[in-house]
Amino acid sequence: MDDTRLYDDDARIAALHRLNVLDTAVEKPFEKIVTLVRTVLAVPIATVTLVDRDRQWFKAQRGLDHQETPRAISFCTHTIQQREPLIVEDAHLDTRFAASPMVVGPPHIRSYAGIPLRTPEGYNVGSLCAMDTRARRFSPADIAILSNFANIVCDELELRLIAQVDHLTGALTRRGFVEQAEREMARSRRYERPSTLVMLDVDHFKMVNDTYGHTTGDQVLHQLAKLAEATLRPIDVFGRLGGEEFGILLPETGADEALIVAERLRESIAGYAMQLSNGATLTVTASFGVAVLAPNMTSVATWIEQADAALYAAKAGGRNCTRLELVE
């Protein structure tokens, strides 16, 4: 394994963010694992911890009152810097942790065992942890058990990601997109920042399938997704919501800028010759609906409905155009 990956924190953070798991809701597989760790190892505290740039965030936890803590005071920031488990039998005797607020104050961690959570690319994105409020020795059998559970966590993270990525286009699935939209809605309102949702639909796509076949239709969707990837910003989120319908989340973006982004992508699609596997080319167009996040939108479903209404107006207006949904 290339140990240089232990010191490339920017690449490690990118690998973590690709998992699309930070700040997501409670999920049973991870909850079951921390419950089992606490029971099998007889510890009061167990966590599935993901280490972000400045914080550690708990995907699942037992025995802690917080959802996240600063990375600077965490045990796990040391765990991710090595390939082997990190074992601390008595934090009072370890100069790295003796003065930590988590040791001298609640939850009064005294001993710790952490197994790095490694992605297939080799980046440690977090750790599976067992902690006790008393000094103790973790036996080789304890470490083996914790390591096996850590492997299960890594498998679950990969399965979760697979379930969120559309195999044909590489875009997020509807589930993955909605989760991202929920987080963006919360972030936008917390910091009182603008955010916009764009819906797009390929015009006359049924005719493409009926005339050229579903294989050609799949090629069109795949290349459209590649165009979107090349056109959108790194912070934008692109998802396939169903069939030939896609959604785009534009953080930090108001109506005027969102219309510019939508028009840029619309023109790119209309002007692009799709390369088909039989050597032929095909051009298609798409219609766009834009909805700025408004105070009266109570859910992501409402936000999508507003963008969809604008998309319907674009189709009714002749297709291959962009419409803005005005919400009071």
Side-chain angles (χ1 to χ4, degrees), residues 12-13 16-17 19-81 85-117 124-138 142-143 145-147 149-150 152-154 156-157 160 179-180 182-191:
R12 190 194 67 80
I13 294 294
L16 171 61
H17 288 182
L19 291 173
N20 192 32
V21 68
L22 288 172
D23 301 309
T24 54
V26 169
E27 294 178 69
K28 287 184 179 179
F30 303 102
E31 294 295 307
K32 288 179 179 178
I33 289 169
V34 291
T35 299
L36 284 168
V37 168
R38 194 162 75 160
T39 300
V40 174
L41 298 187
V43 292
I45 305 168
T47 66
V48 173
T49 306
L50 298 170
V51 183
D52 204 356
R53 191 173 300 279
D54 299 310
R55 60 171 178 158
Q56 61 172 4
W57 179 80
F58 307 119
K59 176 56 183 170
Q61 60 173 322
R62 291 291 183 273
L64 290 180
D65 295 328
H66 304 291
Q67 190 64 52
E68 63 180 59
T69 67
R71 176 176 173 177
I73 66 170
S74 72
F75 285 72
C76 295
T77 195
H78 295 272
T79 306
I80 64 171
Q81 293 169 4
L86 175 65
I87 309 300
V88 180
E89 296 184 352
D90 189 344
H92 290 179
L93 304 179
D94 192 314
T95 56
R96 294 172 296 178
F97 308 113
S100 168
M102 300 186 75
V103 173
V104 300
H108 299 286
I109 297 169
R110 188 74 180 270
S111 55
Y112 168 97
I115 310 296
L117 300 175
N124 291 342
V125 294
S127 62
L128 177 64
C129 312
M131 291 163 274
D132 208 329
T133 54
R134 61 182 178 86
R136 65 173 283 177
R137 175 179 177 270
F138 289 95
D142 291 335
I143 303 307
I145 290 169
L146 197 60
S147 297
F149 282 133
I152 295 172
V153 172
C154 292
E156 287 294 337
L157 288 170
R160 188 184 186 284
E179 285 190 6
Q180 287 276 40
E182 287 171 344
R183 278 179 273 173
E184 174 55 23
M185 178 178 276
R187 186 204 65 83
S188 177
R189 287 179 169 162
R190 182 183 308 121
Y191 299 108

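A donor-acceptor pair under 3.5 Å is absent between the side-chain atoms of E31 and the main chain of A60, judged by distance alone. Under a 3.5 Å cut-off, the side chain of R183 and the backbone N or O of L22 do form a donor-acceptor pair.
Not counting sequence neighbours, F58 has no partner by the ring-ring contact (aromatic ring centres under 6.0 Å, His included) test. With sequence neighbours excluded, the residues forming a side-chain hydrogen bond (donor to acceptor under 3.5 Å, both in side chains) with T69 are Q56, listed by chain and number.
Taking the side chain as every heavy atom from C-beta outward, L19 and R160 never approach each other to under 4.5 Å. Between R62 and V37, every side-chain heavy-atom pair lies at or beyond the 4.5 Å cut-off.
Below 30°, between 30° and 60°, or above 60°: for F75 and Y112 the angle between ring planes is below 30°, a parallel geometry.
Put simply, the residue from R134, R110, R137 that forms a salt bridge (charged side-chain N to carboxylate O under 4.0 Å, His left out) with D90 is R110. With D23 as reference, R55 is the one residue of R190, K59, R187, R55 to meet the salt bridge (charged side-chain N to carboxylate O under 4.0 Å, His left out) rule. Between F97 and the choices L93, T95, D94, the side-chain contact (heavy atoms from CB on, under 4.5 Å) rule is met once, by D94.
For Q180 against N20, the heavy-atom pair with the smallest separation is NE2-OD1, 2.8 Å. Between L16 and V51, the closest heavy-atom pair is CD2-O, 3.3 Å. Taking each heavy atom of S111 and R136 in turn, the nearest pair found is OG-CG, 3.2 Å.
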